Amino acid sequence: MLRIDEIDVYYGAIHALKRLSLEVEEGSIVTLIGANGAGKTTTLKTVSGLLRPKTGRILFNNNDITKIPPEKIVGLGISQVPEGRRVFPSLSVLENLEMGAYLRKDKKAIAADMENVFSRFPRLRERSKQLAGTLSGGEQQMLAIGRALMARPSLMLMDEPSMGLAPLLVKEIFSIIKEINQRGTTILLVEQNANMALSIADKAYVIETGEIVLQGRAQELMNSEEVKKAYLGG
Ligand SMILES: Nc1ncnc2c1ncn2[C@@H]1O[C@H](COP(=O)(O)OP(=O)(O)OP(=O)(O)O)[C@@H](O)[C@H]1O
Ligand SMILES: [Mg+2]
């Protein structure tokens, strides 16, 4: 479904992604794990069109999307849950969710999806009129996921959804991710929480300073000595 083909991405003189290639099969969960500053967010931002690779290309359902602007990419079915739960703080929960569907015109389907989001996250229904900026961190993460779902994506890019959440909520978020996938959405999940990410993913890539250094089935990486040492706390 998604193929990143040898991309190089720069921030000025900084070479942030080096000949990076990665594939996401339709229906799967793929995780990209790596330390701070490895290039995970840069990878997602390049897929969503916010950054342009200098070389290489990105294919989505066999179409070259390398030079397509971000709003068109959303229209093609790729939506992102950004790092640090960027919700619109001065808009209500409801308005944030509506923003997620801003490219859509199918009013009935939008209302149905809104109902789905509310039933998946009852906390958001209770707080639909509350300003998003006053939600707790965990609630904002749920809202960020709900907002991405409102675009009805076929591919969802998630940037560290577990960051800063208490262990119980981390578990809940991961089980929600799994459920979203089981309902038909393909997922590219960026995480530092390698343990949890590998436990729900089909396939995994390890990135270090802009390069993929390891890849394989998630189960295999979980058992790899290299990954255990560097990312799973021994
Ligand atoms: N706007 C920018 N200008 C210059 N350098 C940047 C910019 N954004 C990111 N970088 C650099 O690119 C590298 C990759 O950053 P990136 O945000 O992709 O890392 P990450 O893997 O998402 O890290 P983290 O886990 O901390 O979020 C880092 O060295 C970072 O300092
Ligand atoms: Mg990041």
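In listed order, ligands and their atoms are each counted from 1. Basis for what follows: all heavy atoms, side chains included, without hydrogens, waters or symmetry-related copies. All values reported here derive from a predicted model rather than from experimental measurement.
- Within 4.0 Å of atom 31 (O) of ligand 1, not a single protein heavy atom is present.
- Contact check on R152 versus D106 returns no salt bridge, with no Lys/Arg side-chain nitrogen under 4.0 Å from an Asp/Glu carboxylate oxygen.
- I207 and L188 fall within a single hydrophobic cluster, where Ile, Leu, Val, Met, Phe, Trp and Tyr side chains are chained together by heavy-atom contacts under 4.5 Å.
- The nearest heavy-atom contact from the protein to atom 9 (C) of ligand 1 is Y11 CE1, 3.3 Å.
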Tell me, with the steps shown, if Y102 and E71 meet side-chain contact (heavy atoms from CB on, under 4.5 Å). CA-CA 10 Å; Y102 82 111; E71 66 279 9; 3.9 Å; yes
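- Backbone and side-chain nitrogen or oxygen atoms of A16 are examined, and none is located within less than 3.5 angstrom of a nitrogen or oxygen of ligand 1.
- The shortest N or O to N or O distance between I14 and ligand 1 is not under 3.5 Å.
- Those atoms of ligand 1 that come under 4.0 Å of a heavy atom in T41, given as number and element, are 17 (O), 18 (O), 20 (P), 22 (O), 27 (O).
- Between T66 and the options I68, D64, N63, a side-chain contact (heavy atoms from CB on, under 4.5 Å) holds for only D64.
- When atom types are taken as modelled, the side chain of K40 and the backbone of A35 share a donor-acceptor pair closer than 3.5 angstrom.
- Under the 6.0 Å distance and 45° angle rule, R147 counts as a cation-pi partner of F88.
- Under the 4.0 Å distance rule, the nearest protein heavy atom to atom 13 (C) of ligand 1 falls inside the cut-off.
- Note on residues 203-213: no pairs pass salt bridge (charged side-chain N to carboxylate O under 4.0 Å, His left out), not counting sequence neighbours.
- With respect to atom 15 (O) of ligand 1, the closest heavy atom belonging to the protein is T42 OG1, 3.7 Å.
- Protein N/O/S atoms found under 2.8 Å from the Mg ion (ligand 2), listed by chain and residue number: T41 OG1, E83 OE2.
- The protein atom (non-hydrogen) at minimum distance from atom 27 (O) of ligand 1 is E83 OE2, 2.5 Å.
- Salt-bridge annotation for K45 and E83: absent, with no side-chain N of the basic residue lying under 4.0 Å from a carboxylate O of the acidic one.
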Worked check of side-chain contact (heavy atoms from CB on, under 4.5 Å) between F60 and S154: CA-CA 11 Å; F60 180 58; S154 50; 3.6 Å; yes
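- Both L149 and F174 are members of a single hydrophobic cluster when ILVMFWY side chains are connected at heavy-atom separations under 4.5 Å.
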